[in-house]
Amino acid sequence: DIQMTQSPSSLSASVGDRVTITCRASQSISSYLNWYQQKPGKAPKLLIYAASSLQSGVPSRFSGSGSGTDFTLTISSLQPEDFATYYCQQSYNTLMCSFGQGTKLENK
Amino acid sequence: EVQLVESGGGLVKPGGSLRLSCAASGFTFSSYSMNWVRQAPGKGLEWVSSISSSDIYIYYADSVKGRFTISRDIAKSSLYLEMNSLRAEDSAVYYCARAGYRSGWYDYWGQGTLVTVSS
């Protein structure tokens, strides 16, 4: 099984900050890495797929990079609505995915 | 508009059974792999099970293998999760999610249905 490890587990930042979250896979997953945003009481929302492709409707301040085992999600200028929990997901095996443990982004 | 609506959650005793449903609309249901993901209270996302568009391939997380069964009814555009021998650790919000066409990312999610396993 492929294990996904996110860091940090929590992060305090302010509006306007540049924020980076990392995700590491236990083995190479090429670019089969996706990012989701989840707000309390809501379903997750797809932000980035295939490591760096922006899902339709997602603001361009979100970007993703990486390949192999190391990946990053960057928010270029944090907005009030971005405070949420972020999850990475590997889809190397399309039908047997796994998620990172999540990164909670809080307002400093 | 793509919509996924889960139902069937509730309170069940340990060892009991429950069947979750996910009604899909707004897309050709038979063309997409479908998935169940759960989230225990205050915890992260856990993949539970997936079924391929052809229904040929079905996978389960080790934590539910042998107890849960995923299936779908194309005519009803519905996805199901039959859950047996339920344990306290199965308590969670269960989401159904559509995988993007021939991909592994989940582009649409339902609102979730809460399952509580407690005596």
Side-chain angles (χ1 to χ4, degrees), chain A residues 1-10 21 23 25 29-58 62 64 71 73 84-106, chain B residues 1-6 9 22 24 31-65 70 72 79 92-114:
Chain A
D1 293 3
I2 300 174
Q3 310 300 321
M4 307 302 295
T5 303
Q6 287 180 234
S7 60
S9 296
S10 64
I21 298 169
C23 179
I29 57 170
S30 185
S31 296
Y32 295 98
L33 190 285
N34 315 301
W35 290 98
Y36 299 84
Q37 176 194 68
Q38 187 181 34
K39 296 182 179 180
K42 299 295 187 181
K45 172 187 173 183
L46 179 65
L47 298 177
I48 301 285
Y49 62 92
S52 60
S53 295
L54 194 66
Q55 174 69 349
S56 176
V58 173
F62 291 93
F71 302 86
L73 171 70
T85 300
Y86 293 84
Y87 294 93
C88 63
Q89 175 214 22
Q90 66 80 14
S91 53
Y92 182 72
N93 181 328
T94 305
L95 295 173
M96 286 183 70
C97 76
S98 53
F99 293 90
Q101 81 278 16
T103 295
K104 187 173 184 179
L105 179 53
E106 299 175 302
Chain B
E1 180 193 4
V2 172
Q3 282 198 315
L4 300 171
V5 180
E6 301 95 335
C22 172
S31 296
Y32 291 82
S33 297
M34 295 297 296
N35 313 274
W36 289 100
V37 176
R38 68 184 181 184
Q39 186 170 37
K43 302 297 183 182
L45 301 173
E46 180 188 14
W47 170 76
V48 173
S49 182
S50 296
I51 184 168
S52 66
S53 56
S54 60
D55 291 359
I56 292 175
Y57 301 104
I58 289 176
Y59 293 91
Y60 299 97
D62 287 344
S63 57
V64 306
K65 200 173 294 181
I70 190 173
R72 69 160 105 199
L79 177 72
V93 173
Y94 284 73
Y95 295 101
C96 71
R98 188 188 86 165
Y101 187 67
R102 295 188 178 181
S103 73
W105 55 81
Y106 298 171
D107 57 357
Y108 287 95
W109 297 65
Q111 84 288 353
T113 187
L114 178 62

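Protein chains get the first letters and strands the later ones, always in sequence-line order, with residue 1 at the start of each. We use all heavy atoms of the structure for the numbers below, so side chains are in, but hydrogens, waters and symmetry mates are not.
Considering only heavy atoms from C-beta on, A:T94 stays 4.5 Å or farther from B:R102 through its side chain. Within the 4.5 Å cutoff, no side-chain heavy atoms of B:Y108 are placed close to those of A:K45. Between A:K42 and B:Q111 the shortest side-chain heavy-atom distance does not fall below 4.5 Å.
Only the side chain of B:V37 comes within less than 4.5 Å of a heavy atom of chain A; its backbone N, CA, C and O stay farther away. For a residue to count as touching a neighbouring chain, one of its non-hydrogen atoms must lie under 4.5 Å from one of that chain's; by this rule A:Y32 does not touch chain B. Only the backbone of B:S103 comes within contact range of chain A, with at least one heavy atom under 4.5 Å from a heavy atom of that chain. When heavy atoms are compared at a cutoff of 4.5 Å, A:Q38 approaches chain B solely by way of its side chain, counted from C-beta outward.
Ring centroids of B:W109 and A:Y36 are separated by less than 6.0 Å, placing the two rings close together.
One finds the CD atom of B:Q39 at 9.5 Å from the CZ atom of A:F99 (value rounded to the nearest 0.5 Å). Within the model, atoms SG of A:C97 and CG of B:N35 stand 6.5 Å from one another, a figure rounded to the nearest 0.5 Å.
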Might you work through the side-chain contact (heavy atoms from CB on, under 4.5 Å) test for A:M96 and B:Y57, ending with a clear yes or no?
CA-CA 11 Å; A:M96 286 183 70; B:Y57 301 104; over 6 Å; no
Carefully, step by step, assess A:S98 and B:W47 under the rule side-chain contact (heavy atoms from CB on, under 4.5 Å).
-> CA-CA 6 Å; A:S98 53; B:W47 170 76; 5.9 Å; no
From CA spacing to verdict: side-chain contact (heavy atoms from CB on, under 4.5 Å), B:Y106, A:S91 = CA-CA 10 Å; B:Y106 298 171; A:S91 53; over 6 Å; no
When you look at A:L95 and B:S52, which way does the side-chain contact (heavy atoms from CB on, under 4.5 Å) test go after all the steps?
CA-CA 7 Å; A:L95 295 173; B:S52 66; 3.8 Å; yes
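For the pair A:L46 and B:W105, the tightest heavy-atom approach, listed with the atom from each and the gap, is CD2-CD1, 3.6 Å.
Atom CZ of A:F62 sits in a crowded spot, with more than 12 heavy atoms from other residues, nucleotides or ligands closer than 6.0 Å.
A donor-acceptor contact shorter than 3.5 Å is absent between the side chain of A:Q101 and the backbone of B:K43.
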